[in-house]
Amino acid sequence: MTAAFSLEGRTALVTGANTGIGQAIALAMAGAGAQVICAGRRSSSETVARAGDQAEDLILDLSNPMAAAGVFAEREVDILVNNAGIIRRDDAVDFAERDWDEVIDVNLKALFFTSQAFARSAMTRGARGKIVNIASLLSFQGGIRVPSYAASKHGVAGLTKALCNEWAEHGITVNAIAPGYIATSNTEALRNDPSRNEAILARIPAGRWGAPSDIAGTAVFLAAPASDYVNGAVLNVDGGWLAR
Ligand code: NAP
């Protein structure tokens with residue numbers, strides 16, 4: 001059974017691997033035996049150092065949504081983790097076009113075109129593939145003061161299903177993880193706001209914020225043979241938040 005959860009012999013590319021959830025996923029995938037390409041708009045040197053000789057650094061700035069177009073022609077990648085993401089907070093009535101475009105470009109448009117480049121390469125080689133998207137509770141809920149983020153993450157859930165439908169016959173699975181409230185720089189503003197922090201904690205059945213490592217096991221599962229018949233799914237890893 002262990003082999004079903006092993007990533008031995010696989011190569012994974014994780015976007016936004018220098019910190020937070022992406023770093024935890026990259027380290028867990030290396031721990032499960034994968035070679036990991038740690039991609040980000042700046043160096044993932046700390047992640048690479050911690051993963052030993054199983055990781056390499058790749059500068060990939062996804063504010064250009066087509067940035068990954070050539071990446072998969074140069075490397076045979078079996079697993080793509082679309083983790084890189086940004087958030088902008090403001091009242092919807094004041095929300096700026098720039099904060100709309102920047103979030104949609106990184107969180108949604110880059111996720112689509114990076115997935116397309118990955119799938120084209122896999123199909124050309126006749127290889128199987130695994131895509132793991134990082135969605136959000138705001139793939140299901142609206143949130144407060146984060147309209148472009150909510151729109152982008154609803155889009156990630158939709159694309160996960162749309163790409164599953166087209167690529168399953170090519171041996172490519174496309175799934176997503178919807179993390180709950182995880183303590184990273186993405187949520188720093190919420191944790192620093194005493195009333196929001198208290199309200200969030202009160203609703204989480206687990207009674208605590210998640211850690212980036214709480215997401216890693218599900219990512220390994222969705223990249224491993226154990227999940228071969230899981231496709232088009234959005235798995236909540238949220239300490240019970242959505243069950244409440
Ligand atoms: P984080 O610590 O802010 O990490 C975000 C990662 O994305 C960083 O590595 C960041 O690089 C990278 N990134 C941002 N813009 C990029 C670009 N233009 N090109 C390439 N990489 C870029 O936050 P996180 O919480 O780990 O977020 C990871 C993912 O989880 C995001 O998609 C986020 O929406 C999602 N998520 C987080 C939570 C949560 O509670 N934390 C909940 C649900 C979903 P830099 O370090 O250079 O900025």
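Counting starts at 1 for both ligands and their atoms, following the listed order.
- With hydrogens and angles ignored, the 3.5 Å screen pairs no side-chain donor or acceptor of Lys153 with any backbone N or O of Ala178.
- Legend: residues meeting side-chain hydrogen bond (donor to acceptor under 3.5 Å, both in side chains) with Asp228, ordered by chain and number and at least two apart, are Lys130.
- Residue pairs satisfying the ring-ring contact (aromatic ring centres under 6.0 Å, His included) criterion with at least one member in residues 77-118, sequence neighbours excluded, are listed as follows: Phe72-Phe118.
- Among residue pairs with one or both ends in residues 217-244, those qualifying as ring-ring contact (aromatic ring centres under 6.0 Å, His included) are Tyr181-Trp241; sequence neighbours excluded.
- Side-chain N/O atoms of Ser148 and Asp99 include no donor and acceptor closer than 3.5 Å.
- Near ligand 1, residues Gly16, Asn18, Thr19, Gly20, Ile21, Arg41, Arg42, Leu60, Asp61, Leu62, Ser63, Asn83, Ala84, Gly85, Ile86, Val106, Ile134, Ala135, Ser136, Tyr149, Lys153, Pro179, Gly180, Tyr181, Ile182, Thr184, Ser185, Asn186, Thr187 each place a heavy atom inside the 4.0 Å sphere around the ligand atoms.
- In this structure, a donor-acceptor pair under 3.5 Å is present between the side chains of Ser115 and Asn82.
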